[in-house]
Amino acid sequence: MEDESNQKNDKNTTHANVSAMKMVQEEHDDVESKTADTAVEGLRQGALSAINSVAIDTQTLREQVEHFDGPRSHPDCLRLEEELTRLLLRLDAVDSFGLDEVRAERRKAVAAVQSAINLLGASCAPDDRSLALVAVEGDVTQLKTPSDDSKENERS
């Protein structure tokens, strides 16, 4: 009888130990999951913060681009172009961590910077050192500089 009682106690103890171990494992898994969720949230917030910083800088530079009117060789045009390019590099450095939200925000920020670069290209007037496409004999084109035109006029 004592043996049966001891066997039942052993089974009950084993069952209780297994149950306790499962509970500890579940708690550990919950803590691990919460820690991972917190870490991912931190990475997401950091990435979105970096993208937001670039978006603010882009808007500031875009306003400068909108008020710029000068030749492409002007120091302000060159500075704006360089600063906008640096913004693209900052966006390239932002890791999305596989998060669609971060990818979408980065994509929008890249488009905004590219739009400002395109606007700058349209705003900067060509100067004497720039090349111009000139149509010659129908569909054939060749590159000529404004100084080439003045040399041709001197020859005539």
Side-chain angles (χ1 to χ4, degrees), residues 17-156:
N17 287 342
V18 169
S19 294
M21 288 174 42
K22 284 183 182 179
M23 286 177 47
V24 168
Q25 183 63 44
E26 288 172 3
E27 288 175 10
H28 176 68
D29 290 347
D30 286 346
V31 169
E32 229 176 47
S33 177
K34 288 177 184 172
T35 302
D37 290 346
T38 302
V40 169
E41 180 60 22
L43 294 172
R44 184 183 78 77
Q45 288 295 330
L48 292 175
S49 177
I51 293 167
N52 188 49
S53 174
V54 170
I56 291 168
D57 293 346
T58 300
Q59 185 57 40
T60 301
L61 289 174
R62 184 177 182 90
E63 290 169 5
Q64 293 176 30
V65 167
E66 289 170 350
H67 292 97
F68 180 78
D69 185 25
R72 190 168 302 284
S73 61
H74 191 280
D76 284 342
C77 182
L78 299 173
R79 176 188 57 81
L80 289 167
E81 184 175 39
E82 182 175 335
E83 287 185 33
L84 288 165
T85 302
R86 287 178 192 228
L87 292 179
L88 287 175
L89 294 174
R90 281 174 52 194
L91 288 169
D92 283 346
V94 175
D95 194 339
S96 70
F97 304 104
L99 301 171
D100 291 336
E101 178 186 10
V102 174
R103 278 192 197 117
E105 289 301 314
R106 187 175 59 198
R107 193 175 302 119
K108 285 189 331 191
V110 167
V113 174
Q114 193 60 53
S115 172
I117 290 172
N118 293 341
L119 180 61
L120 180 63
S123 298
C124 294
D127 55 15
D128 289 343
R129 291 176 288 184
S130 66
L131 296 175
L133 281 175
V134 179
V136 178
E137 297 179 21
D139 291 336
V140 179
T141 58
Q142 64 185 9
L143 292 173
K144 294 174 75 175
T145 65
S147 59
D148 290 343
D149 289 335
S150 58
K151 288 178 188 173
E152 284 182 25
N153 290 338
E154 289 174 7
R155 289 185 210 150
S156 302

> Mind checking what makes side-chain contact (heavy atoms from CB on, under 4.5 Å) contact with Ser53, not counting sequence neighbours?
Replying inline: Asp57, Arg90
> What residue among Arg44, Arg107, Arg106 forms salt bridge (charged side-chain N to carboxylate O under 4.0 Å, His left out) with Glu101?
Replying inline: Arg44
> What distance do Leu84 atom CG and Leu61 atom CG have between them, rounded to the nearest 0.5 Å?
Replying inline: 5.0 Å
>> For residues 53-116, which residue pairs pass the disulfide bond (SG atoms under 2.5 Å apart) check, not counting sequence neighbours?
In response: Cys77-Cys124
>> Using the side-chain contact (heavy atoms from CB on, under 4.5 Å) criterion, which residues pair with Ser115? Sequence neighbours excluded.
In response: Arg62
> Can you list the residues that meet the salt bridge (charged side-chain N to carboxylate O under 4.0 Å, His left out) rule with Asp100, with sequence neighbours excluded?
Replying inline: Arg103
>> Could you tell me if the side chain of Ile117 sits less than 4.5 Å from the side chain of Leu88, heavy atoms only?
In response: yes
> Looking only at heavy atoms, which two atoms of Ser123 and Val65 are closest? And how far apart?
Replying inline: OG-O, 3.9 Å
>> Taking salt bridge (charged side-chain N to carboxylate O under 4.0 Å, His left out) as the cut-off, I'd like each qualifying pair that reaches into residues 114-123, sequence neighbours left out, listed once.
In response: none
> With sequence neighbours excluded, what pairs up with Asn118 under the side-chain hydrogen bond (donor to acceptor under 3.5 Å, both in side chains) test?
Replying inline: Gln114
> Got a sec, which pairs hit ring pair (Phe, Tyr, Trp, His ring centres under 6.0 Å) with one end in residues 79-108, sequence neighbours left out?
Replying inline: none
>> Can you list everything that forms a side-chain contact (heavy atoms from CB on, under 4.5 Å) with Gln45? Sequence neighbours excluded, please.
In response: Glu41
>> Once rounded to the nearest 0.5 Å, what's the spacing between atom CG of Leu87 and atom OG1 of Thr58?
In response: 4.5 Å
> Residues in side-chain hydrogen bond (donor to acceptor under 3.5 Å, both in side chains) with Arg86, at least two apart?
Replying inline: Glu82
> When rounded to the nearest 0.5 angstrom, what distance separates CG in Leu43 from OG1 in Thr38?
Replying inline: 11.0 Å
> Among all residues two or more places apart in sequence or in another chain, which pass the ring pair (Phe, Tyr, Trp, His ring centres under 6.0 Å) test with Phe68?
Replying inline: His74
> Which salt bridge (charged side-chain N to carboxylate O under 4.0 Å, His left out) pairs, counting each pair once, include a residue from residues 108-117, with sequence neighbours left out?
Replying inline: Glu105-Lys108
> Closest heavy-atom contact between Leu78 and Arg72?
Replying inline: CD2-O, 3.6 Å
> Which atom pair, heavy atoms only, marks the closest approach of Ala109 to Ile51?
Replying inline: CB-CG2, 3.9 Å
> Can you list the residues that meet the salt bridge (charged side-chain N to carboxylate O under 4.0 Å, His left out) rule with Asp95, with sequence neighbours excluded?
Replying inline: none
